[in-house]
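One structure is given here, and the rest of the page talks about it.
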Amino acid sequence: MKTFRCIFILMAMCTACQSNQKEEDVKKTTAVTKIVEGADGQKLDSILTPYLEKLRNLSDNNAGLAIGITKGDQIIYAHTFGYANIEANHKADFNTVFHIASVSKPFTAAAIVKLVQQGKLNLDDKLIAHIPDFKMKGEAYKDITIKHVLNHTSGIPRHVSANDWEHPKPLQANLQYVKNFELDFTPNTAFSYSNSAFDILGIVIENVSGVSFEDYITTHILQPAGMHQSTYIKPKDSLPATWAKPYSYGLQTQEWSPYPYAPNYYPSSGLQTTLLDMCTWGMLHAGKGTYNGKTIFDKNHFKLLTTPYYKTPWGDHIGLSWFLQSYLERPIIMHTGADTGFESIMYVYPNEEISIIVMANRDFSRTGRIINAASEVLFDSVPKNYNLSARYKFTEAYKKHGIDKAKETWERMQKDTTDIYFVNNDDILTTGAVLENGNYWKETQDILTYYLTLNKKSTYAWRLLGNAYLHQKDTLKAVECYEQTLAINPNYEKGKAALAALKNK
């Protein structure tokens, strides 16, 4: 069979073979945006690429998207689309660093398994054995094991602190956050996904290894695997030039603030990485702990990561952070990630030694549909048709004709079940919230006023509408909106805070 090979770059042409040296050459070459390798890569490029381009066009998405597909020790398809930084006109490429949110959790699990392999801890060790300062209300927390945290059966509440990206805290702060909470259930009696539990697990890694969480993973996981562009560290007051900015969608793709970064969330959602590094991560898992002659885990310890430990509410199982599911009747290990401004998802097909990674620096990028479409093409199925939120038609009508036409469009589409667009009223709320984040005050007012005709009981919508009025210097209407939040929920703290702030002016 003839082998097709083509690598497209913006500023220079280069060749990327699969040897160590030439892979490093690709990583160092600026502005590489596409690899197509072999017959499978050619098939993906001919079917998947136009599929993605059409999806991005219909969803008005010019932010960055990166997809990489590996088979064995080879990248067969890798492609970046759109802009890492729209305002600076910087296109996404193989050097673009993406925030991958909860797809960071398997790296934390890998660090724990590495410590097990090194004989420094066991999965059944109690948290309190390695963190004497770990305390919660009640007594049940003393029975939480490392394994319970890794398979989300610890009972530690999902979020014991808000995602406070504007006031980053050190990792140890998680012990202060959790001490005033009780467990949601007795350990190992139920499944409940918990970011906060994973963040505490980072302290175990520090205490056992004697080095910082990020240093341990860098030294024992990232560097040995050759993932040299991956990091947990962001400069305090700036975004490096190669890092993708976070975007969301209001009336168009717009920057989201703040960037989702805080050291206390490193273990659950803190890794920043590139497409080629994540392809390496995929090949390492497809190779059951070994990639291109580099063994990071022996097979017995790698197996710990993908052993089914607990049944999830949707009928599949979880290993150590990895969800063990299936697609197209083939087993997969997978994880998803999302923080406002970023999405990511990873599949590994262990029987076929295939991995797929998708990363995006905009909300609503449909990364789940994209990774499934890639799977469908790989396994000779026709990619399924996608459907889209009617928000895109709503915002198109608003931009061209104003709120009355947008309302008419939304209400017409609620009755139309024949096209590719679905109507969810909360998409109007999301649109207003994104506009509020971007300081588009008049547009926020228009859209949230309409949303509140659809749902009058949303304290969130009333508060954001109050913010819009306040920034347009209509204090009386702002007060009315904040007071409405308390009429709905007298204990709504953000409504109280908004009114208190006005009284103190």
Side-chain angles (χ1 to χ4, degrees), residues 1-10 13-19 22-23 25-27 29 31-56 64-82 91-96 98 100 103 227 229 273-287 291-292 327-328 330 332 334 343-360 365-384 386:
M1 181 178 292
K2 182 179 179 181
T3 298
F4 298 91
R5 176 178 295 170
C6 53
I7 300 179
F8 299 86
I9 62 176
L10 292 176
M13 297 298 293
C14 70
T15 301
C17 298
Q18 298 306 311
S19 67
K22 291 194 175 182
E23 183 178 319
D25 289 343
V26 172
K27 289 188 177 185
T29 303
V32 183
T33 61
K34 191 172 181 180
I35 293 174
V36 176
E37 184 74 27
D40 283 336
Q42 189 74 11
K43 179 172 66 173
L44 286 158
D45 191 39
S46 64
I47 300 173
L48 183 63
T49 299
Y51 180 95
L52 300 184
E53 289 171 338
K54 183 178 178 182
L55 172 59
R56 287 169 55 76
L65 175 75
I67 177 169
I69 302 174
T70 71
K71 190 172 185 179
D73 280 352
Q74 185 179 55
I75 298 172
I76 59 173
Y77 177 84
H79 201 337
T80 59
F81 303 79
K91 290 189 175 181
D93 60 38
F94 288 178
N95 289 320
T96 297
F98 289 86
I100 59 170
V103 179
M227 300 175 66
Q229 291 181 297
T273 187
T274 64
L275 180 59
L276 291 186
D277 272 13
M278 287 304 291
C279 285
T280 296
W281 185 241
M283 289 184 281
L284 177 68
H285 283 75
Y291 157 63
N292 205 16
Y327 191 65
L328 300 176
R330 291 172 169 83
I332 57 172
M334 63 85 66
E343 292 182 2
S344 56
I345 187 168
M346 185 171 181
Y347 284 4
V348 178
Y349 289 89
N351 294 344
E352 292 80 8
E353 295 188 352
I354 286 171
S355 76
I356 311 173
I357 178 69
V358 184
M359 303 180 291
S365 288
R366 299 300 303 275
T367 50
R369 172 82 297 265
I370 289 169
I371 205 167
N372 285 343
S375 301
E376 290 150 10
V377 174
L378 272 171
F379 299 120
D380 298 317
S381 297
V382 176
K384 295 178 182 178
Y386 33 69

Heavy-atom donor-acceptor pair, [X] side chain to [Y] backbone, under 3.5 Å:
X      : Y      : result
Tyr386 : Arg369 : no
Tyr347 : Asn372 : no
Arg366 : Leu52  : no
Gln229 : Asn95  : no
Ser46  : Lys43  : yes

Would you say the side chain of [Y] lies within less than 4.5 Å of the side chain of [X], judging by non-hydrogen atoms?
X      : Y      : result
Met278 : Phe98  : no
Leu276 : Ile75  : yes
Glu353 : Asp73  : no
Ile356 : Ser375 : yes
Leu44  : Leu378 : yes
Leu275 : Met359 : yes
Trp281 : Tyr291 : no
Val382 : Glu376 : no

How long is the gap from [atom1] on [X] to [atom2] on [Y], to the nearest 0.5 Å?
X      : Y      : atom1 : atom2 : result
Phe81  : Lys34  : CZ    : NZ    : 7.0 Å
Glu37  : Gln42  : CD    : CD    : 10.5 Å
Gln74  : Ile35  : CD    : CD1   : 10.0 Å
Leu284 : Met227 : CG    : CE    : 8.5 Å
Ile76  : Thr70  : CD1   : OG1   : 7.5 Å
Glu53  : Leu65  : CD    : CG    : 10.5 Å

Notebook entry, point to check: With a distance cut-off below 6.0 Å to the six-membered ring centre and an angular limit of 45° from the axis, does Arg330 pair with Phe379 as a cation-pi contact?
Noted result: yes
Item checked: Side chains of Glu343 and Ser365, donor plus acceptor under 3.5 Å -> no
Next item on the list: Consider only side-chain N and O atoms of Thr33 and Thr80, and report whether a donor and an acceptor are under 3.5 Å apart.
Entry: no
Between [X] and [Y], what is the shortest heavy-atom contact and its length?
X      : Y      : value
Ala286 : Ile354 : CB-N, 4.2 Å
Ile332 : Pro350 : CA-CD, 4.2 Å
Ser344 : Ile100 : OG-O, 2.6 Å
Thr49  : Tyr77  : OG1-OH, 2.6 Å
Ala373 : Pro383 : CB-CB, 4.4 Å
Gly64  : Ala92  : CA-CB, 4.2 Å

Item checked: Criterion side chain to side chain contact (heavy atoms under 4.5 Å, CB included) on Tyr51 and Ile370, from CA distance to verdict -> CA-CA 9 Å; Tyr51 180 95; Ile370 289 169; 5.7 Å; no
Margin query: Would Leu48 and Ile67 count as a side chain to side chain contact (heavy atoms under 4.5 Å, CB included) here? Give the steps.
Written below: CA-CA 11 Å; Leu48 183 63; Ile67 177 169; 3.8 Å; yes
